[in-house]
**Q** 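The following block contains the structure, expressed as structure tokens.
Here is the naming used below: chain letters follow the sequence lines, and residue numbers restart at 1 for every chain.
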Amino acid sequence: DVKVTQSSRYLVKRTGEKVFLECVQDMDHENMFWYRQDPGLGLRLIYFSYDVKMKEKGDIPEGYSVSREKKERFSLILESASTNQTSMYLCASKGAGVLEEQYFGPGTRLTVT
Amino acid sequence: GENVEQHPSTLSVQEGDSAVIKCTYSDSASNYFPWYKQELGKRPQLIIDIRSNVGEKKDQRIAVTLNKTAKHFSLHITETQPEDSAVYFCAAYPPSTRNTPLVFGKGTRLSVIA
């Protein structure tokens with residue numbers, strides 16, 4: 001059974017805190033992604049990684065960084081959380097093949113107060 | 001880069017009627033077009049996909065059509081049921097490199113009224 005898991009379903013943090021969102025996949029996928037989902041804005045890509053220690057900026061990387069030290073784990077870091085980063089964060093993974101299915105995690109609802 | 005536009009943003013249909021969601025893409029080299037369904041409070045999941053060498057694909061009550069000349073593709077749901085209520089996302093895969101991510105539309109919220 002395919003699995004992408006995220007460390008928390010709900011998270012509440014204060015403005016200025018450093019926040020870590022963890023994502024783990026058990027499918028040996030090369031590609032991993034972090035999206036932000038807001039009403040009316042769809043799925044916006046923050047960062048993605050196609051290999052260990054590799055990362056690429058997505059459409060909205062400002063205010064975020066990522067880390068991929070192991071193939072199965074991809075972390076999203078908010079260095080100094082702000083209220084405009086309150087959102088649903090979705091992780092996803094996909095194999096190297098062009099036509100392979102992309103699998104999503106359950107999401108983390110982050111609230112920054 | 002690739003740009004995907006999706007319409008409508010919201011759609012309400014009576015149970016049993018058909019629903020159609022349309023997407024256009026900009027990169028004529030895109031060759032893979034998946035559709036994802038996201039039920040309330042759940043993760044997006046792939047429901048159907050189509051490759052650029054195919055014009056139509058069906059899976060029970062859902063079908064996807066692709067018009068490469070016009071650069072648009074559509075999701076068709078027949079005999080809609082309340083469990084079809086969800087947000088649907090279309091996506092396109094630009095093949096410039098194997099590391100290029102999917103480009104998603106902004107989503108369509110479908111409500112099926114019993």
Side-chain angles (χ1 to χ4, degrees), chain A residues 1-6 9-10 23-25 27 29-61 66 68 74 88-109, chain B residues 1-11 21 23 25 27 29-54 57 59 64 66 86-110:
Chain A
D1 190 22
V2 164
K3 270 207 181 135
V4 181
T5 57
Q6 295 182 226
R9 290 301 305 273
Y10 301 93
C23 176
V24 177
Q25 51 95 3
M27 295 163 282
H29 282 168
E30 286 76 9
N31 298 290
M32 296 189 74
F33 310 86
W34 275 106
Y35 295 89
R36 172 176 170 160
Q37 184 174 22
D38 299 288
L41 299 179
L43 300 166
R44 292 184 292 168
L45 183 64
I46 304 171
Y47 268 97
F48 66 101
S49 169
Y50 57 87
D51 201 351
V52 175
K53 296 192 185 294
M54 304 303 291
K55 60 184 178 183
E56 295 275 355
K57 292 180 180 179
D59 300 317
I60 53 164
V66 290
R68 192 163 181 204
F74 192 35
M88 171 66 80
Y89 290 88
L90 286 164
C91 174
S93 74
K94 178 181 171 297
V98 167
L99 303 181
E100 290 200 37
E101 180 175 348
Q102 181 164 308
Y103 295 90
F104 286 86
T108 296
R109 171 75 63 187
Chain B
E2 175 64 281
N3 181 53
V4 176
E5 298 206 355
Q6 182 170 349
H7 298 281
S9 56
T10 60
L11 179 61
I21 301 170
C23 290
Y25 60 99
D27 188 342
S30 287
N31 60 1
Y32 175 62
F33 306 91
W35 286 87
Y36 284 79
K37 175 184 181 182
Q38 185 179 27
E39 297 177 18
L40 189 63
K42 296 190 176 181
R43 70 190 79 191
Q45 291 191 295
L46 179 72
I47 55 171
I48 195 167
D49 56 16
I50 191 166
R51 302 180 186 186
S52 59
N53 59 349
V54 175
K57 184 177 178 181
D59 183 3
V64 57
L66 172 64
V87 178
Y88 292 82
F89 293 98
C90 63
Y93 191 85
S96 53
T97 73
R98 71 177 220 168
N99 299 323
T100 305
L102 285 170
V103 178
F104 285 89
K106 285 186 166 42
T108 296
R109 182 174 298 280
L110 173 65

**Q** So which part of A:Leu99 gets closer than 4.5 Å to some heavy atom of chain B, the side chain, the backbone, both or neither?
**A** both

**Q** Is B:Arg51 in contact with chain A via its backbone, its side chain, both, or neither, using a 4.5 Å heavy-atom distance?
**A** side chain

**Q** May I ask you to decide if the ring planes of B:Tyr25 and B:Phe33 are parallel, tilted or perpendicular, using 30° and 60° as cut-offs?
**A** tilted

**Q** Here's a test for you: under ring pair (Phe, Tyr, Trp, His ring centres under 6.0 Å), which of A:Tyr89, A:Tyr47, A:Phe104, A:Phe48 qualifies with A:Tyr35?
**A**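 Of all the options given, the one that passes is A:Phe104.
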
**Q** Is there a salt bridge (Lys or Arg N to Asp or Glu O under 4.0 Å) between A:Arg36 and A:Asp38 once you walk through the steps?
**A** CA-CA 7 Å; A:Arg36 172 176 170 160; A:Asp38 299 288; 2.8 Å; yes

**Q** Measuring heavy-atom distances to chain B, does A:Arg44 have an atom under 4.5 Å in its side chain, in its backbone, in both, or in neither?
**A**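 A:Arg44 has no heavy atom closer than 4.5 Å to chain B.
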
**Q** Please assess B:Glu5 against B:Asn3 for the test side-chain contact (heavy atoms from CB on, under 4.5 Å), listing each intermediate value before the final yes or no.
**A** CA-CA 7 Å; B:Glu5 298 206 355; B:Asn3 181 53; 3.6 Å; yes

**Q** Taking side chain as everything from C-beta outward and backbone as N, CA, C, O, which of these in B:Pro44 sits under 4.5 Å from a heavy atom of chain A? Side chain, backbone, both or neither.
**A** both

**Q** Can a salt bridge be assigned to the pair B:Asp49 and B:Lys57 using a cut-off of 4.0 Å between side-chain N and carboxylate O?
**A** yes

**Q** Taking every non-hydrogen pair under 4.5 Å, which of A:Gly40, A:Gly42, A:Pro106, A:Ala92 racks up the most with chain B?
**A** A:Pro106

**Q** Identify which part of B:Gln38 has an atom lying under 4.5 Å from any heavy atom of chain A, answering side chain, backbone, both or neither.
**A**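 For B:Gln38, the contact with chain A is made by the side chain alone.
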
**Q** Side chain, backbone, both or neither: which part of A:Leu43 has an atom under 4.5 Å from a heavy atom of chain B?
**A** both

**Q** Would you name the heavy atoms of B:Val103 and B:Val4 that are closest together and state the gap between them?
**A**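 Smallest interatomic distance, heavy atoms only, reads O-CG2, 3.6 Å.
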
**Q** Is it the backbone or the side chain of A:Glu56 that comes under 4.5 Å from a heavy atom of chain B, or both, or neither?
**A**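 When you check distances to chain B, no heavy atom of A:Glu56 falls under 4.5 Å.
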
